[in-house]
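All values below come from the heavy atoms of this structure, side chains included, with hydrogens, waters and symmetry mates left out. Letters go in sequence order (proteins before strands), and every chain restarts at 1. Small disclaimer: the values here were computed from a predicted structure and weren't measured.
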Amino acid sequence: MTDTTKYLSHLELGEPDKTFLDSNELIINMGPQHPATHGVLRVILKLDGEKVLGTECVIGYLHRGVEKIAENRTYTMFNPYVDRMDYVAAVSNGLGYCEAVEKLLNIEAPPRANYIRVILTELNRMASHMLWLGTHALDIGAITPLFYTFRDREEILKIFEKYCGARLTTHAFRIGGCLYETYDGFENDVKKFVKFVTPKIDEYEQLLTTNRIWVERTKGIGVISAADCRALGVTGPVLRASGVKWDLRKAKPYAAYSEFDFDIPTAQNGDTYDRYLVRMQEMRQSLRIIDQAVNRIPEGPIMAKVPKVIKPAVGEIYHSIEAPKGELGYFIVSDGSTQPYRVRVRPPSFVNLQALDLMVRGALVSDVIAVIGTLDIVLGEVDR
Amino acid sequence: MPDEAKSPTSAGEHAAPAAPAKPAGPVPTPWESPLVSDLHKRYGSGISEASTYLGQNYFVVDSSIVADVLSVLKDEKNFNYCVDITAVHYPQREKQFDVLWILYSYDTNERIRVKTMIADGQSIPSSINIWPTANWLEREVYDMFGIHFDGHPDMKRILLPEGWKGHPLRKDYGIIQQDNEWVQINLGIESGQ
C-alpha cells in the first residue's frame, strides 16, 4: 500500500503555513488562456502569498474524442488523426500507430522503411525538443533561444516538407511501411543538417547552461524523485532526469533501433535544470542515431505486403514507443472487421501532467510556469 | 480503342483474380510461467485464462479478486509501473465491460495485461493505493465508460465538462448524437450533418 495523500491534489486538504501576518489563502486561476500554459490548460492554484499550497489541473478543453473517432473509421482512415494529438511530434504518433496495427496484422515493415522511419522520428524528436527549449526558455524570461531553436527547427521541417509535403501533421508513414520513397538528395539533406545543427546545440548550451539567471530559475525547482516518478507513471526525459536509465528504444526496441549505437542520458537531481541537461543530451544522441542510419540505409522495398483491405484477426495488442515526451502507447482491439473495435491511446503528456501538483507544492507561482515548461506537455495529446 | 472495348471477357478475367485464401489469424496460446502457476495456485479458478497473443501476455481475473491480484503483482512480483488503465465495451455480453490494466516491471522488463469483466453498473475497487498514477487514468475510464472505482477519492469527470450527459466510449453512444442534440435545441433543425 502506498500513502496516496501525497499524490492527491491538495487544493482542499492543505493547511496554510502561519506567517507572522497570517495571510489569507487565495485561490486563483492560471489559464486556460495563458501563453505559458502551452495550450489550453487551466490550473487552479491555492496560494499563500506567492507560495503554492496546492493545485488542480482542469483539462479537456481540446478534447476531440479521438478514440471514439477511431471506432468509426477504418484502420487506414484513422492514421492521419493520430498526428493531431501531439502535433509537435506527429511523426512519432504515426510510427506508434502504424507499428501497433502492423503487430496486430502480424506483419513487419521492410528494413529500408524502418531506417527511413528511424531517421524521420529522430529528426522529429529533435524538432520537438527544440520547440520545447525555445518556449521553455521564453517562459522563464530568456527570449533569445526561441529565435535560435525556431531557426534550426525550420531545417527539419523543410526536410519533412520535401519528403511528404507537410511540415507538422506529416502523415509520413503508412501501415506496412512508408508510402513515399526518399526524394533525390534526401541523404544529402539529412547529412547536411547533422553537420549544420551539431554546433548549434553547443550554441544553445552557451546561452543557457552556465547562464546565472537560468541556473537560478531552474536548479532545485520542481524536484521529483525516481520513486515518485514510478508511482505516478511518469516517463520520458522527466523520468531519466530523476536517475532512472530507462528508454523504450533500448528496453523494448522497435523499428530499427536495436541496430544503432546510442546512450540513454540521465541525471540525478530530478530538477528542472537536470531535465534541461537530459534533453540537450538527447538531441545529441538523436544526431548520433540519424548519422548512423543515414549512412547505411539498406536498399529494398519500403512497403510490406499489406492486404488492400485491412482486416486484422480478432484480438488485441498493446504497442508503445518512446515518443519525445515519454511512453506513447496504443492499445487496439480488433473484432475482425475493417474498423478498430477500440483504440486506446496512452498519452505521455496526460500521465506526466499528473506530477505537476507534487512538483510545484511549496514552490512560488513563477516556478509553476517553469515546471509546466519542463514537463513538456502538449495539450492536444493530454486532451485527445 | 473500340477494339479494346470489344474484349471485355479477357479484361474481366484479369480484373477478378481469385481472392487469396485468408490466412487464419494467430490464436492465443496458453501462457506458462512461474508467475502464472503461482497465481493459479493461490487463486485457483479466479484466474480464468492466461494466454499469450502475438507475443504479449495477459490474464483474465475474476472481478471479485482483482484488487488482490493487482496488489500481489505490485508488491511481490514487482510490477511497479502501471502503464495504463482502460476499458472496452461489449454491449451484447452479460458482463458488458472489460477493464484492463497494462503493467510493466522495471526490474524484469516484462509487460503484462490484467483483464477483468464486469457488468454494467457494477463497480470495481480503485487501484490508486497500489499505483497513484491510477488517479487520472481511472477518472478517464469513469468519464468515458461510466465505470465507478470504489475508494477513489475524487471520482469525477476529467476530460468532459461536469454537466455532460452519457459516457461517449460506450458503444450505444452514437458519434453524432451530441451534435444532433445541440442543433435540435439551438438551431431547431433535425440534423447538422
Does the side chain of A:R342 come within less than 4.5 Å of B:T86's, by heavy atoms? yes
Using heavy-atom distances under 4.5 Å, tell me whether B:I85 contacts chain A through its side chain, its backbone, both, or neither. backbone
Please test A:R230 against B:W131 for side-chain contact (heavy atoms from CB on, under 4.5 Å), starting from the C-alpha separation and ending with a verdict. CA-CA 9 Å; A:R230 287 205 193 98; B:W131 300 282; over 6 Å; no
Given the options A:N106, A:L105, A:L62, A:V244, which has more heavy-atom pairs under 4.5 Å with chain B than any of the others? A:N106
For B:P168 and A:K68, work out which heavy atoms get closest and say how close. O-NZ, 3.0 Å
Rounded to the nearest 0.5 Å, how far does CG of B:L160 lie from NE2 of A:H63? 4.5 Å
Is there a side-chain contact between B:L100 and A:Y318 (heavy atoms, below 4.5 Å)? no
Shorter than 4.5 Å, heavy atoms on both sides: which option in A:K103, A:K252, A:R384, A:R344 has the most such pairs with chain B? A:R344
Looking at every heavy atom in both B:Y90 and A:E316, which two are closest together, and how far apart are they? OH-OE1, 4.3 Å
Less than 4.5 Å to any heavy atom of chain A: does that hold for the side chain of B:E110, its backbone, both, or neither? backbone
From CA spacing to verdict: side-chain contact (heavy atoms from CB on, under 4.5 Å), A:Y341, B:V88: CA-CA 9 Å; A:Y341 190 75; B:V88 188; 3.7 Å; yes
Kindly give the heavy-atom pair with the smallest separation between B:V83 and A:R346, and that separation in Å. O-NE, 2.8 Å
Is there side-chain contact between A:F350 and B:E140, with heavy atoms separated by less than 4.5 Å? yes
Give the member of A:V333, A:T235, A:V234, A:V351 that has the highest number of heavy-atom pairs under 4.5 Å with chain B. A:T235
Working note: B:R170 + A:E67, criterion salt bridge (Lys or Arg N to Asp or Glu O under 4.0 Å); need CA distance, chi angles, decisive distance, verdict. CA-CA 11 Å; B:R170 285 174 177 240; A:E67 293 173 12; over 6 Å; no
Go through B:K171 and A:E71 one step at a time and tell me if the side-chain contact (heavy atoms from CB on, under 4.5 Å) criterion holds. CA-CA 9 Å; B:K171 288 286 170 186; A:E71 292 171 13; 3.1 Å; yes
Side chain to side chain contact (heavy atoms under 4.5 Å, CB included) partner of B:P132, chosen from A:L232, A:D228, A:L358: A:L232
Closest approach of B:N109 and A:A251, non-hydrogen atoms and distance? ND2-O, 2.7 Å
Rounding to 0.5 Å, atoms OH (B:Y81) and SG (A:C229) come to a distance of 11.0 Å
Check whether any side-chain heavy atom of A:E327 lies under 4.5 Å from a side-chain heavy atom of B:Y104, and answer yes or no. no
Can you tell which part of B:I158 gets under 4.5 Å to a heavy atom of chain A, answering side chain, backbone, both or neither? both
The interface call for B:R157 against chain A, heavy-atom contacts under 4.5 Å, is neither
Check this for me: A:E108, atom CD, are more than 12 non-hydrogen atoms of other residues, nucleotides or ligands nearer than 6.0 Å? no
When only pairs under 4.5 Å are counted, which of A:V382, A:D383, A:I317, A:I69 shares the most heavy-atom pairs with chain B? A:I317
The test is side-chain contact (heavy atoms from CB on, under 4.5 Å); show your working for B:Y106 and A:L239 and say whether it passes. CA-CA 12 Å; B:Y106 282 112; A:L239 176 71; 3.5 Å; yes
Quick one: closest heavy-atom pair of B:Y53 and A:V314, and the distance? OH-O, 3.2 Å
